[in-house]
There are 2 protein chains.
Amino acid sequence: MSRSRLTPEREAELFEAVLELLREVGYDSLTMDAVAARTRSSKATLYRQWHSKPELVATALQYDGVPGADAIDTGSLRGDFHGMLSQTDECQMEKDSALLRSLVHAVHTNPDLYDALRTKVIAPEEAALRTVIDRAVERGEISVDNPAREFVPHMLFGVFFAVQMIEDRVPTMDFMKRYVDAVVLPALEAR
Amino acid sequence: MSRSRLTPEREAELFEAVLELLREVGYDSLTMDAVAARTRSSKATLYRQWHSKPELVATALQYDGVPGADAIDTGSLRGDFHGMLSQTDECQMEKDSALLRSLVHAVHTNPDLYDALRTKVIAPEEAALRTVIDRAVERGEISVDNPAREFVPHMLFGVFFAVQMIEDRVPTMDFMKRYVDAVVLPALEAR
C-alpha cells in the first residue's frame, strides 16, 4: 500500500493554519507543535510531508501566492502590472503585509528558511516577472538593454515595506497603481 | 542649581548602547534595565532625560542618522543622490539594515514608537529629500508636476528591504548607485 497522502482540502487547511500562526506569533515563535495542535494532526504527519519547519512555511507561502504574474497577458505592460495588482484585494494585501513583516527578520537569521523561500516563492516569482518583461521587450514597449529591468522585483516589492515604515499603513490598491504608473513604467521607459 | 545634564560624550555612549541592544535583541526585547546596566547608569536618569523607551530609541536613531540629505548641494540631482550614498560606508549600511530589520515589526505594533520615529527621524528626512528635489525643480532638472516626486522616499527606502528579502544580502554602495541611475533618476525624468 502506498504512503497515505493528504487530500487537497486537508493540505489547504494546514497551510492556512501555518499562515495564521505566522502572522500571529512570527516565524521564530512558530512551532511544529502549535501547527499540529491547531490542525489536530500529528507532528509525525507534518514532518513526513514537509520534512522541516522552513519547508512547511515556504510551501504554505507558495500555496498562498496569487497565480504567477505571467498568467496575465493583456497585451501591454501597464495592463499586465495593473492586472497583477487587481488579482489581490486589499484584505489580502493587509494579510500579505503581516506575513512579510513576520519574515523580514527571520529570513536574515534562518538560512534554511531563505533557501526554501528562494526555491518555492522568490525564484518562480522572479521568473514570472521576467516573462512579463520579455513580452514587453518583444512588443517593443521597452528596450532590451534598459538598466531598470534587473530592478523590477525590487521596485514592486520594496514599496510594501517603505509604505509601512514611512506611513505606518499597508499600501492600498490605488496607491500601488499610482506607484506603477509614476515610478515603475517611467523607469522602464515603457512606451 | 539646575538639573544635571549629560555631557555630549556621555549621551553618545548611551545612544550607541541603545543601538547595539536594538540590533542584538530587537525593539520588543529591549528593556530600560538592559540599557541602564550596559551603560552603568540608573533607570531614573534614562527616564528623566528621555521619558519613555520609544523616545529614547527614536532619539538614538536620530543621533545615528547621517547629516540631512539637504546638507549636500552638488548642483545636480544625480550628484546629490550619489553624494548622500557616499556619506555612508558599507559597514554602516550593514548596521542600518540590522536596525531596520529590528524595527519593521515593532513600528507596526507600537504606535508610540512610530509617532516618536515620525517626529524625530522620518519627517526630518522627508523634508530634507523635499529640499533636494525642490532644488532640482528650480534648476529645471525635473518637472514640478512629475508624479514620481511623492515616491522619492519610497524609492530610496524600499530597496533596502527588497534586496534583503529577495537576495538575502545588504545592498552595496555600488548597487545603490546603479539603482539610483537606473530607477530613481529616470522615474523623475531628471535631465
Side-chain angles (χ1 to χ4, degrees), chain A residues 23 26-28 97-98 100-111 113-115 117-118 121-123 125-126 129 146-171 175-176 178-190, chain B residues 23 26-28 97-98 100-111 113-115 117-118 121-123 125-126 129 146-171 175-176 178-190:
Chain A
R23 286 189 290 262
Y27 181 79
D28 287 325
S97 297
L100 288 177
R101 283 194 305 272
S102 83
L103 288 173
V104 69
H105 188 73
V107 160
H108 191 77
T109 46
N110 298 276
L113 174 64
Y114 176 74
D115 291 342
L117 282 177
R118 166 141 284 285
V121 182
I122 301 170
E125 207 45 56
E126 285 176 338
L129 282 173
N146 184 300
R149 287 178 62 180
E150 72 166 296
F151 298 108
V152 171
H154 305 84
M155 287 192 267
L156 291 174
F157 196 75
V159 69
F160 265 92
F161 289 105
V163 172
Q164 291 181 75
M165 286 297 289
I166 296 172
E167 307 176 31
D168 195 28
R169 62 179 182 84
V170 170
F175 178 93
M176 285 301 293
R178 287 193 301 112
Y179 171 82
V180 162
D181 290 347
V183 171
V184 183
L185 295 173
L188 290 165
E189 296 176 73
Chain B
R23 285 189 290 262
Y27 181 80
D28 288 323
S97 297
L100 287 177
R101 282 193 305 271
S102 83
L103 288 173
V104 70
H105 188 73
V107 159
H108 191 77
T109 47
N110 298 276
L113 174 63
Y114 176 73
D115 291 343
L117 281 178
R118 166 140 285 285
V121 182
I122 300 169
E125 207 46 56
E126 284 177 337
L129 282 174
N146 183 300
R149 287 177 62 180
E150 72 167 296
F151 298 108
V152 171
H154 305 84
M155 287 192 267
L156 291 175
F157 196 75
V159 69
F160 265 94
F161 289 105
V163 172
Q164 291 179 76
M165 285 297 289
I166 297 172
E167 308 177 29
D168 194 29
R169 62 178 182 86
V170 170
F175 178 94
M176 286 300 293
R178 285 192 301 113
Y179 171 81
V180 162
D181 290 349
V183 171
V184 183
L185 296 172
L188 290 165
E189 296 177 73

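Note on naming: letters A, B, ... go to the chains in the order of the sequence lines (proteins, then strands), and numbering restarts at 1 for each one.
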**Item:** Which of B/R169, B/E126, B/E150 touches chain A most, by non-hydrogen pairs under 4.5 Å
**Value:** B/E150
**Message:** Using a 4.5 angstrom heavy-atom cutoff, name the option from B/D168, B/V184, B/V104 with the most pairs to chain A.
**Reply:** B/D168
**Fill in**
Taking every heavy atom of A/Y114 against every heavy atom of B/I166, the minimum-distance pair comes out as OH-O, 2.7 Å
**Request:** Measure distances from A/R178 to the heavy atoms of chain B and classify the residue's part below 4.5 Å as side chain, backbone, both or neither.
**Result:** both
**Minimal non-hydrogen separation, B/P186 against A/A187, with atom names** = CB-CA, 4.0 Å
**Message:** If I measure from the heavy atoms of chain B, does A/Y179 come under 4.5 Å with its side chain, its backbone, both, or neither?
**Reply:** both
**Message:** Looking at every heavy atom in both A/A148 and B/V183, which two are closest together, and how far apart are they?
**Reply:** CB-CG2, 4.2 Å
**Prompt:** With sequence neighbours left out, which residue pairs that include part of residues 151-165 of chain A fulfil the side chain to side chain donor-acceptor pair (under 3.5 Å) condition?
**Reply:** A/R101-A/Q164, A/H154-B/E167
**Request:** Identify which part of A/L103 has an atom lying under 4.5 Å from any heavy atom of chain B, answering side chain, backbone, both or neither.
**Result:** both
**Request:** Pick one of side chain, backbone, both or neither for B/M165, based on which atoms fall under 4.5 Å of a heavy atom in chain A.
**Result:** both
**Asked** What heavy-atom pair brings A/F151 and B/A182 nearest, and what distance separates the two atoms?
**Response** CE1-CB, 3.6 Å
